[in-house]
A.B. asks: 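Sharing a structure here in structure tokens format.
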Number of protein chains: 2
Amino acid sequence: MDTIINKVDTKGRVSLPSDYRAIVKELSTEIVCYRSLTSPCIEGCAEELLEKIASDMETSLDFFSQTQDDLTNLIFGDARRFSFDSTGRILLTEKLLKHAQITDTAVFVGKGRKFQIWNPENWEKEEARIRAEIFKNRPSLTNKGGM
Amino acid sequence: MDTIINKVDTKGRVSLPSDYRAIVKELSTEIVCYRSLTSPCIEGCAEELLEKIASDMETSLDFFSQTQDDLTNLIFGDARRFSFDSTGRILLTEKLLKHAQITDTAVFVGKGRKFQIWNPENWEKEEARIRAEIFKNRPSLTNKGGM
DNA sequence: AAAAATCCCATGATATACCATCAAAGAAGG
DNA sequence: CCTTCTTTGATGGTATATCATGGGATTTTT
């Protein structure tokens, strides 16, 4: 949950927001990050969730399809474990930072059981896009829980 | 639940009205707040309501849909837990206060299982608007129970 | 040996917990 | 019916703990 802005220092280190850490820490001292398949951002989650995502994909896509194969390859091929140090920081790689166009500031966006890391300007645009989109489709959502 | 006016101090702290607190406290010591999608106000609810909305979405929209992706970003990205201290106060963030245009006074409005927090002037206008709206539709109400 | 990654400590900022005061509402007693 | 006492809730202030972040120092890798 929540959106948090943190600095990326010259070494590429970022503090994982403490709330996120607290949740992950119940399980382990590591997270898994990979390049988002659909957006210029980094995605992160606990390791066991990644396995769940993979199996979700298997059920929601045709089991023998080429697409499903490609997707799992893509994610697992890209994903890497990142352990955070005693102060709660992780060291992001060039590849990830470049994909998300992040230089010195990172925006953490909660997404339920996973999260995304964005370049501030990109996230600003993305959020505006989403708000506009949701607002447009609002009538079809009101039945679904009443936000 | 009725409408209650409380002060927001220089740090952004507000007392959650005791009635509201009593209801939430049966469940936990935390509430979840986020920017309303449709009005310049803050919305708050118990955490499990948010989880329910999230899981409703998971079942009603399919895994790879853009809408589902957008919604989780918007809801979990914006919402945050707020735990209240021993005197029953929460510390609202700049983002929320700004969205609701609240500076030093906040109006709490009960809305069933959730509530809203308004800037006093905005709420006054909103209430007038709602009353006018209801009055306009009065003919269709009188048959149904006599308000 | 140079570069990169990891660890550890120091610091400033900020959220959180805690204590004290004050006002409003209600109950009990004259 | 009014007064006084008690309780509860809101608000202000302050101390404490937590967290983000910068700067080495140490270790590992190539």
Side-chain angles (χ1 to χ4, degrees), chain A residues 1-26 28-33 42 44 79-98 102-110 115 117-120 123, chain B residues 1-26 28-34 42 44 47 79-98 102-110 115 117-120 123:
Chain A
M1 278 207 220
D2 205 1
T3 300
I4 282 169
I5 302 171
N6 277 347
K7 293 221 170 163
V8 181
D9 69 15
T10 49
K11 300 175 189 171
R13 293 182 298 183
V14 217
S15 282
L16 200 62
S18 65
D19 287 353
Y20 292 42
R21 229 182 306 157
I23 293 173
V24 176
K25 218 162 194 171
E26 291 167 13
S28 81
T29 171
E30 287 182 332
I31 57 167
V32 171
C33 292
I42 303 166
R80 212 201 100 180
R81 273 191 283 258
F82 291 86
S83 58
F84 38 88
D85 63 18
S86 55
T87 60
R89 282 185 289 199
I90 54 174
L91 185 71
L92 294 171
T93 62
E94 263 307 310
K95 187 175 73 175
L96 291 176
L97 291 171
K98 193 177 166 199
I102 293 171
T103 54
D104 59 356
T105 311
V107 180
F108 289 78
V109 183
F115 61 89
I117 312 176
W118 287 77
N119 160 303
W123 169 243
Chain B
M1 281 202 194
D2 58 343
T3 317
I4 282 171
I5 301 172
N6 276 347
K7 291 223 172 164
V8 181
D9 71 15
T10 48
K11 299 178 194 168
R13 291 184 300 185
V14 218
S15 282
L16 202 61
S18 62
D19 289 353
Y20 292 53
R21 229 182 305 157
I23 293 173
V24 177
K25 216 161 195 170
E26 291 166 14
S28 81
T29 171
E30 287 182 331
I31 57 167
V32 170
C33 291
Y34 52 91
I42 303 166
E47 190 178 356
R80 212 200 103 179
R81 287 195 200 88
F82 291 87
S83 56
F84 35 89
D85 63 19
S86 53
T87 61
R89 281 184 292 196
I90 55 174
L91 184 71
L92 294 172
T93 62
E94 266 304 311
K95 187 175 74 174
L96 292 176
L97 291 171
K98 194 176 165 198
I102 293 171
T103 54
D104 58 357
T105 312
V107 180
F108 288 78
V109 183
F115 61 89
I117 312 176
W118 287 77
N119 160 304
W123 170 243

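Predicted model only: the values in this text are computed from it and were never measured. Heavy-atom basis, side chains included; hydrogens, waters and symmetry copies ignored. All chains are named by letter (A, B, ...) in the order of the sequence lines, taking the proteins before the strands, and each is independently numbered beginning at 1.
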A.B. asks: Can you check whether Pro17(A) reaches Asn6(A) side chain to side chain, under 4.5 Å on heavy atoms?
C.D. replies: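 A side-chain contact under 4.5 Å exists here.
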
A.B. asks: Whole angstrom is fine here: how far is it from CG in Leu92(B) over to C1' in dA15(C)?
C.D. replies: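 My rounded result for the distance is 13 Å.
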
A.B. asks: Show, in sequence, the C-alpha distance, side-chain angles and deciding distance for Asp2(A) and Phe108(A), and conclude whether the side chain to side chain contact (heavy atoms under 4.5 Å, CB included) test is met.
C.D. replies: CA-CA 8 Å; Asp2(A) 205 1; Phe108(A) 289 78; over 6 Å; no

A.B. asks: In terms of relative ring orientation, are Trp118(B) and Trp123(B) parallel, tilted or perpendicular, with 30° and 60° separating the classes?
C.D. replies: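 It falls in the tilted class, 30° to 60°.
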
A.B. asks: Using whole Å, report how far CZ of Arg80(B) lies from C1' of dT16(C).
C.D. replies: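 Whole-Å distance recorded here is 11 Å.
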
A.B. asks: Round to the nearest Å and state the distance from Phe84(A) atom CZ to dC8(C) atom C1'.
C.D. replies: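 Result: 17 Å.
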
A.B. asks: In whole Å, I'd like the distance from the CZ atom of Arg81(A) to the C1' atom of dT6(C).
C.D. replies: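 Going from Arg81(A) (CZ) to dT6(C) (C1'), I get 17 Å.
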
A.B. asks: Send over the distance from Ile90(B) CD1 to dA17(C) P, rounded to a whole Å.
C.D. replies: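 Roughly 13 Å, once rounded to whole Å.
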
A.B. asks: Tell me the interatomic distance from Tyr20(B), atom OH, to dT8(D), atom P, rounded to whole angstroms.
C.D. replies: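 Whole-Å distance recorded here is 21 Å.
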
A.B. asks: From CD of Glu94(B) over to P of dT14(C), roughly how many Å is that when rounded to an integer?
C.D. replies: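 Rounded to the whole Å, the gap is 11 Å.
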
A.B. asks: Rounded to whole angstroms, how far apart are CD on Glu30(B) and C1' on dA15(C)?
C.D. replies: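 Distance check: Glu30(B) CD to dA15(C) C1' gives 14 Å.
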
A.B. asks: So Tyr20(B) and Phe115(B), would you call those rings parallel, tilted or perpendicular, with 30° and 60° as cut-offs?
C.D. replies: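 Taking Phe115(B) first and then Tyr20(B), their aromatic rings stand perpendicular (interplane angle over 60°).
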
A.B. asks: Base contacts versus sugar-phosphate-only contacts with protein, heavy atoms under 4.0 Å: please encode nucleotides 14-30 of chain D as B, S and - from 5' to 3'.
C.D. replies: B----SSBBBB------

A.B. asks: Taking the side chain as everything from C-beta on, heavy atoms only, tell me whether Arg89(A) gets closer than 4.5 Å to Asp9(A).
C.D. replies: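 Counting from C-beta outward, Arg89(A) and Asp9(A) do come under 4.5 Å.
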
A.B. asks: Can you measure from CD1 (Ile42(B)) to CG (Leu97(B)) and round to the nearest 0.5 angstrom?
C.D. replies: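 With rounding to 0.5 Å, CD1 (Ile42(B)) is 5.5 Å from CG (Leu97(B)).
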
